[in-house]
Every structure is written in structure tokens, then in C-alpha cells.
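Notes for the one structure printed next.
As the structure lists them, so they are numbered: ligands from 1, and atoms in each ligand from 1. Just so we're clear, the structure is a prediction, and the values are computed from it rather than from any experiment.
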Amino acid sequence: MEYIKLAEAYSELENTSKRLHKTFIISQLLKETSEEDLEHIIMLLQGRVFTDADDREIGVAAKLVLKAISVSTGFSISNIEKMWKEIGDLGEVAEKLCGKKTQNTLFSSDLDIKEVFSNLQKLASLEGMGSVDQKVKLISKLLTSAKPLEAKYVVRTVLQDLRVGVAEGTLRDAIAWAYLPGILPNYDLDTNQINPENREEYNFQVEAVQSALNKINDFSKVAITAKKGIEELNKIKIVVGKPLKVMLAQKVLNVVEAFETVGKPAVLEFKYDGFRMQIHKFEDKVTIFTRRLEEVTNQFPEVEDFVLNNVSADSCILDCEAAGFDSKTGKYTPFQSISQRIKRKYDIEKMAKDFPVELNIFDIIYFNGEDLLSTPFKERRAIIERIVKEEEKKIVLSKKIISSSEEEAQEFFDESISLGNEGLMFKNLEGVYKPGSRVGYMIKLKDVQDPLDVVILGGEWGQGKRSGWVTSLTIGILSNDGFLEIGHVGTGLKEKPEEGLSFGEITELLRPNILEEKGRELVVKPSVVISIEYEEIQKSPGYSSGFALRFPRVKLLRSDRRSDEITTLEEVEDLFYNQKKS
Ligand code: ATP
């Protein structure tokens, strides 16, 4: 398929905020897409060229794209920079300038989807000496062939900032509309409604796509299978070794609210302050994924051994929390202390010794060939109780009680806190496992005021001895309309890297994500997530969220968190009103 078809769809998507309309646009495009192009189209619609499980990144800074636009259009860098400052979007700049290309370079060939996709993937593989020039060459080659609209979206995709607003739920629905019978003709573009007579059928078919996505977290594969029909879709199975999204927990403020949400009696478990591991075992092969579905098996060799030695299953997928502990006192240590193990590539054995973890297993979603997603929690828990041989400070089940009593719950909560844990989890005995969802089957109750997880949206270049570093960070939370600012923060970051998360480290993380610079101020692609402690949430018309934080302070880097997993506006509103009550 020609890339222009996708570019036109992007443009239509950008011009509507109506979810059903977006679904309709995508479903039309999918209908026209050949099986061969489907995988690429689905990825490109999400603005990506690598799956979650693939840790490669395009990794091209805006400055390089600027150069490539200059090479392909003949305009000077300073001119392009000036336009960029005025327009604020390098994609639009490329669109405008490509329209002014001289005749002899005008659209030297038509871009096709496959070519764009493979060239974008190639960008990630260019490393080392001369790679900067090669990257510029590759992008400018694409831009030379691009029509103006294509240039806009090539640039935005390279910068990983597509801005067309395709949420996962929209893509899921579009797959159902495109391939499962009877849905599409009932969408009315004028009224932007679906014929209610078909509601049931509609829900059923969307559910079939969702259920497949729950089992294999791969939109492309699901789309390809859906194209073959609903029977094929229903045959999709969990594949051990391929990560699934994890189920998330809703938050409550006290034990009364916790029971109200999950019902009585409920399973109460310690909430360990470690990091989540989804562990796949197939015979003697163990694969470990983080909650972002990145593979970290090599970083945790001891965990691999614990599973091989203590879990009796031919195959299984376990949901666990790896909690760090002090090897001398045995006391749990905060997440921060073990977080450095996640990205570590060398001295693995030493790290395992210095920062030991205890694996706390709290759920199982697959056992000996059987998918347990629809199995009630109490039965899933019974399976782990049967198959795990516990060994203290190595591999244990999360400590639990079953209770209907608020008093007992409060005592268990206090015990958990006194041992250095974060609080309690409350779980519905009959709850099923919903990957990727924050349904009310699993609730968290924490002790201290929870830090907010925010994304960095921009910052300011420092001055004096802090020059060369990004200092005051602009931070944002998530809303249905994208990211909204909630303040600025610099406190908490250190000048010396040995003292903790430093200005230098944050600057290096932000550098490849810089989208715009105006004087000392910069705007970055929202991708770096940090946790912020604060005194209080205040109303503030000065920030787009309508809220500000009093005395914000950077607590830690959340490299285990994606920007779509941060604190939401809804959560901030709840926190604001609840702090008023108390
Ligand atoms: P938080 O930042 O509060 O840990 P989160 O956003 O990482 O929350 P949530 O799903 O909201 O994730 O909260 C549940 C998290 O608590 C799980 O992701 C898991 O990592 C951790 N956890 C610790 N102990 C347990 C337990 N016994 N059962 C389930 N999750 C647990």
C-alpha cells in the first residue's frame, strides 16, 4: 500500500476528536489493507515500529531531523529552526517545506508502507562512528520521496510524537469493525452513532478482539487473525514466553472503602514495595518480564533458579513482586534500592549479592497448558499454594488472610507497614484476571501519602554551575485529552550522581527527546516518568490541569513506567477532594 493512504488517514484522525469517528476511519483503512501490510499499518497507527517486547528504539533527536529536512529540501538549518520556533511542530515544518521543493527533486518516487517501516526500523540499528550521518541520510532519503503530508508524519513518527490520538481501545474496536461481520454498516457518520439494535452483537465482537488481545499482547497478530474470522480469533491462545499485560489495582483510602469495592469476605495480602515480575516457565526455560513487558531474565539469575527449583509446573505464568531486602537485617528495603538492577548489563552476580530480592508470588495466569484468565482468584491462589515450595528470603507466596472484618484488616495493615511494606492489597475471591485493566477485583491501600507519577514535558537549561543541565522540570499528568501540566520541579535532583538521581542523568534521558527549544526553555517528548513527593495539592489556574503541587520534590526515576501509566487527572481530583475532607 502507498504510504500516502496512511498519511491521509492520520490527517483525518488528527482532525476529529470523536472516538467513534476515529474508529470508523481506522476500520476503513484496515479494510483496504492487504495481509502483507497489516502488521506494519497497525504498528504505524500507534506511532511505533517496534513491539513492546522489542527493546530497540528509533532514538533520533530533533536536531538530526532538522538536518535531514535541510538536506532534502535545500532550506538552511537556521531557516528551518526559525519556522520550527514559530510553528512548534517539526512535522508541520517538514510538510510546508516539502511543498516548496524544487521540481527536480519533487517526489522522486512513491513511498510505500513497507519501505517507510523498514527504513524507520533501520534507524535503530545505526550505531557508533558515522551513524549520525547515516541516520540523516536515511531520513532525508525518505523525505526526498515524500509528498508534503507524508513528510509531516514521517517526521513525527521518527520523533515518536505522532499526535493523532489513537488509543488502544479505538484500535481494538476498529479491528472488530473492519473484520467481524455486521458492525460497520451500522455506524452513522452524520450522527456519530452505532445502531443500538446491534449493541449486543457489537459488544460480543469487540469482546472477542479484547479477549484475543488479553492472551497475546500483539495488535498486529490479532488483526491478522481477526481478518480470517471470529472462529480463528477465538482460537488464539496464550503463548508461554510472550508477555501479557498485567492486571492493575484501583486505589482506596481506607479499609471500609476497600471492602466496599471488593466485597466481603476478601483476600488481604501484604503490598510489597518492590517491582513487578511476570515470570514465564516452560519446562526448564524461565523468562522474566517487567510490568512494562521488557525482558529482564539476564538481570535476575537467582530468580530464575528460585523458579526452576521451587515451582512444580511444566509450564506456568506467575505474577509476582520482587522485593529487595537488606541481607544483614533481613528487613525489606524500598523499591529504589533494587531499581538499579533492572537495566544493569554487567556485574550481575555482584548486584544480586548486594541487592538481593525475595520473590513474592501473588497470582498465576497459566498453568500446564491451561489458561487461567477466567478462573476465580481463590482457585488461582490455591494453585500457587499447591505448586510453590516456599523458601524464606528466596521465593514465597505473598502473605495473606481472608477476612470480612475492618478491625482485622486494620491490624493486618499495621503489621504489613511495620515490616517495611507499602500497605495491603484487597482481592475479590471470585475475581477473574483482566490483563491491562484497572478493574475493581484488586485494590490497593497504602500508608503514606502516595507520590504522584508524572511525566516530564519540558524544562529549562540551567545557568552558572548548572549550565548544560536541564533544571526546572515541567511535569504533567494524564487526562483524556493528553498530558496536562501540574507544575515545575527541580528540588530532589542531585548535582553529584553518587548522591542519587542527578540533573546530569535526567538531562541525558531528556536529550534525545527534545522537541523544541526557545531560549532556555525546552519542550520534550513525554516519555521520562518520575515520582514526585509533595505537601499538598492546590487548585491553580496557572497550569493546564487546574492543579499545582505545594513543595514538590523528585523522589525517583520510574523507568518501569510508561507515560500512559502515570497519575491521571481523575486521581488528582480525588486526592484533592479527599485531602480537603481529612
Ligand atoms: P504502585 O505505584 O502503588 O505500586 P502501580 O501503579 O505500580 O502502583 P498498581 O497496579 O496500581 O501498580 O498497584 C499494584 C502494584 O502493587 C502491582 O503492580 C504490584 O507491583 C504491587 N504489589 C505488591 N504486592 C502485591 C500483591 N500482594 N498483590 C498484587 N500486587 C502487589
Side-chain angles (χ1 to χ4, degrees), residues 243-253 258 261-262 266-279 288-293 296 318-325 332-336 338-339 342 357-365 377 380-381 384-385 388 395-402 409 412-413 415-417 419-429 431 433-455 477-478 529-533 555-568 570-571 574-575:
L244 283 79
K245 284 199 171 169
V246 296
M247 181 159 77
L248 303 168
Q250 285 179 4
K251 185 164 155 185
V252 290
L253 297 166
T261 318
V262 290
V267 176
L268 280 55
E269 293 175 10
F270 283 174
K271 183 179 194 310
Y272 302 93
D273 183 15
F275 76 95
R276 197 150 179 181
M277 281 185 174
Q278 186 182 85
I279 303 185
I288 308 173
F289 299 97
T290 64
R291 92 180 230 147
R292 283 178 70 169
L293 315 183
V296 289
L318 301 166
D319 204 352
C320 326
E321 186 84 351
F325 64 91
Y332 289 120
T333 50
F335 164 75
Q336 254 158 305
I338 51 164
S339 64
I342 301 173
V357 295
E358 176 189 64
L359 191 67
N360 292 274
I361 303 176
F362 57 78
D363 214 331
I364 182 164
I365 42 193
F377 176 64
R380 302 202 303 275
R381 172 82 199 193
I384 46 179
E385 287 178 3
V388 178
I395 180 170
V396 292
L397 300 185
S398 59
K399 181 147 190 238
K400 72 135 209 249
I401 56 169
I402 297 180
F412 196 49
F413 178 84
E415 182 189 345
S416 178
I417 296 295
L419 293 171
N421 296 316
E422 269 194 321
L424 288 187
M425 304 295 295
F426 287 66
K427 300 181 181 181
N428 181 322
L429 282 157
Y433 195 99
K434 289 245 179 211
S437 299
R438 215 174 270 280
V439 279
Y441 300 137
M442 180 160 109
I443 300 298
K444 56 181 172 185
L445 175 64
K446 292 207 205 177
D447 180 28
V448 282
Q449 187 189 58
D450 217 3
L452 301 188
D453 288 332
V454 299
V455 71
I477 53 173
L478 191 65
V529 177
I530 50 178
S531 277
I532 301 286
E533 289 174 323
K555 188 175 173 221
L556 69 141
L557 180 69
R558 296 292 323 222
S559 42
D560 62 329
R561 194 66 43 104
R562 276 200 326 244
S563 56
D564 58 358
E565 296 173 321
I566 61 171
T567 305
T568 62
E570 231 179 4
E571 286 167 343
D574 273 0
L575 287 168

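At a heavy-atom distance under 4.0 Å, only side-chain atoms of R561, from C-beta outward, approach ligand 1.
Using a 4.0 Å cut-off between charged nitrogen and carboxylate oxygen, E415 and K399 count as a salt-bridge pair.
Heavy atoms of K400 come nearer than 4.0 angstrom to ligand 1 in no pair at all. Heavy-atom separations between K446 and ligand 1 include at least one value shorter than 4.0 Å. Contact annotation: R438 has at least one heavy atom less than 4.0 Å from an atom of ligand 1. Ligand 1 is never approached by K251 to a heavy-atom distance shorter than 4.0 Å.
When only interatomic distances are considered, the shortest N/O to N/O separation between F275 and ligand 1 does not fall below 3.5 Å. Residue contacts with ligand 1: M442 is placed with no nitrogen or oxygen under 3.5 Å of a nitrogen or oxygen of the ligand (distance criterion only). Between R291 and ligand 1, a contact under 3.5 Å exists for at least one N or O pair.
In terms of protein heavy atoms, atom 19 (C) of ligand 1 is closest to E321 OE1, 3.0 Å.
Judged by a 6.0 Å distance limit and a 45° cone about the ring axis, R558 is positioned over the six-membered ring of F335.
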(message) What verdict does the ring pair (Phe, Tyr, Trp, His ring centres under 6.0 Å) test give for F377 and Y433, after you've listed the backbone C-alpha separation in whole Å, the side-chain angles of each residue and the deciding distance to 0.1 Å?
(response) CA-CA 8 Å; F377 176 64; Y433 195 99; 9.3 Å; no
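At most 12 heavy atoms of other shown residues, nucleotides or ligands fall within 6.0 angstrom of atom CD in E570.
For the side chain to side chain contact (heavy atoms under 4.5 Å, CB included) with Y441, the qualifying choice from V262, T261, N428 is N428, the only one to do so.
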